Each structure stands twice: as structure tokens, then as C-alpha cells.
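Here the structure is laid out as C-alpha cells; the discussion comes afterwards.
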Amino acid sequence: MPLNVLDATVSSFDRVFEKFRSEAEENKANLILFLADKDRATSLSWCPDCVRAEPVIYRKLEASSDDIALLRVYVGDRPTWRNPQHPWRVDPRFKLTGVPTLIRWENDTVKGRLEDHEAHVESKIEALVADK
């Protein structure tokens, strides 16, 4: 199966991230997509950039014939994400400033990233996956 998707939240991240890391060698590309949670009442993300980027990212990744792992990480609701001490804002591996953020993870480190204002650009997604 070319696209393997794992989901994580703040509370499940460490466990799911270890599984993602342990399987990384098997894939052509390993990507982490940090996203806003969806509102339970509407099933829509509170983040307009996430709403715009998600379908583009999924379409590009699903069209690839390469084995790609995608770890979708939900950062929480708006008040949780806005906290300056949010775990992924202060984590030295990720240093998130916005969502969505799409990261290429390689050799146990961030190899490239697309942040909120560019995560929906098809050519940039292609370049990140291809490591160009």
C-alpha cells in the first residue's frame, strides 16, 4: 500500500511517533502533518489553512506510487494550540509556529518543511516528497 496513514494527538503522540520512526526505513518518504483538530459539532477544522491544504496534500500523496508514511498529528482545539507552551511549539525537533505544517522526516530529523502559508502548493508538496 503506497500511503500508510497513522493518526496521533497530544496524548498519543509518543507511542504513535515511535511506531512511525520504527517503520521509517521501509518508506520512500516519511511525512508528518501537523493539523488543527476538527470541531465536534461541525466536523470541520477550526483552521482555514488546514481546510485548504488537507485535500491537496492527500491528493498528491495518494497519487504517488511510492511507499509513503504520513503521520497526521492533531494539535488540539484553538485555545490549546494558541498556548505558547504547546508541546510542539517548544519541542526542539519540530518548533511549530503554525498549522498546517508538513514535515519530511529523514534520519531521525526534520529534512524539510512546508508551513501554513505554503502547505497547499502542489509543486512544493511534490518537491518535499521527492526531497528536492
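Computed from a predicted structure; not experimentally measured.
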If you draw a 6.0 Å radius around CG in D108, do more than 12 non-hydrogen atoms from other residues or ligands fall strictly inside?
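Count over threshold, so yes.
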
More than 12 heavy atoms of other groups within 6.0 Å of E25 CD
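Check fails, neighbour count at 12 or below.
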
Has [X] got a side-chain atom pairing as donor or acceptor with [Y]'s backbone, closer than 3.5 angstrom?
X	Y	value
D66	I68	no
R104	K111	no
E18	R15	no
S12	T9	yes
D116	D49	no
R78	W46	yes

Exercise: identify the closest heavy-atom pair between [X] and [Y]:
X	Y	value
L128	G112	CD1-C, 3.5 Å
C50	A36	SG-N, 3.6 Å
A41	D39	N-OD1, 2.7 Å
S64	P2	O-CB, 3.6 Å

Answer with yes or no whether the hydrophobic clustering places [X] together with [Y]; edges join I, L, V, M, F, W, Y residues whose side-chain heavy atoms lie under 4.5 Å apart.
X	Y	answer
L96	F17	yes
V16	Y74	no
L44	L35	no
F94	L102	no
V75	W105	yes

Residues L114, V121; criterion side-chain contact (heavy atoms from CB on, under 4.5 Å); working and verdict:
CA-CA 9 Å; L114 298 176; V121 180; over 6 Å; no

Which residue in the set N27, L31, D131, N30 passes side-chain contact (heavy atoms from CB on, under 4.5 Å) when paired with E106?
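Considering N27, L31, D131, N30, a side-chain contact (heavy atoms from CB on, under 4.5 Å) with E106 is found only for D131.
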
Kindly determine whether L70 and L33 satisfy side-chain contact (heavy atoms from CB on, under 4.5 Å), including the steps that lead there.
CA-CA 7 Å; L70 176 65; L33 176 59; 3.9 Å; yes

Interatomic spacing from [atom1] in [X] to [atom2] in [Y] - rounded to 0.5 Å:
X	Y	atom1	atom2	value
K38	E54	NZ	CD	4.0 Å
I125	L61	CD1	CG	7.0 Å
H117	K124	NE2	NZ	6.0 Å
W81	W88	CH2	CH2	9.0 Å
Y58	R72	OH	CZ	4.0 Å
R52	S45	CZ	OG	12.5 Å

Report the C-alpha separation of V10 and H86 in whole Å, then their side-chain angles, then the decisive distance to 0.1 Å, and conclude whether the side-chain contact (heavy atoms from CB on, under 4.5 Å) test is met.
CA-CA 9 Å; V10 172; H86 187 286; 4.0 Å; yes

Report the C-alpha separation of E23 and N4 in whole Å, then their side-chain angles, then the decisive distance to 0.1 Å, and conclude whether the side-chain contact (heavy atoms from CB on, under 4.5 Å) test is met.
CA-CA 10 Å; E23 298 171 354; N4 179 28; 3.8 Å; yes

pair E115-T97: side-chain heavy atoms closer than 4.5 Å
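When only atoms from C-beta onward are counted, T97 and E115 do touch, with a gap below 4.5 Å.
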
Taking D91 as the fixed residue, which of R93, K95, R89 is the one that meets the side-chain hydrogen bond (donor to acceptor under 3.5 Å, both in side chains) rule?
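For D91, the side-chain hydrogen bond (donor to acceptor under 3.5 Å, both in side chains) check succeeds only for R93.
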
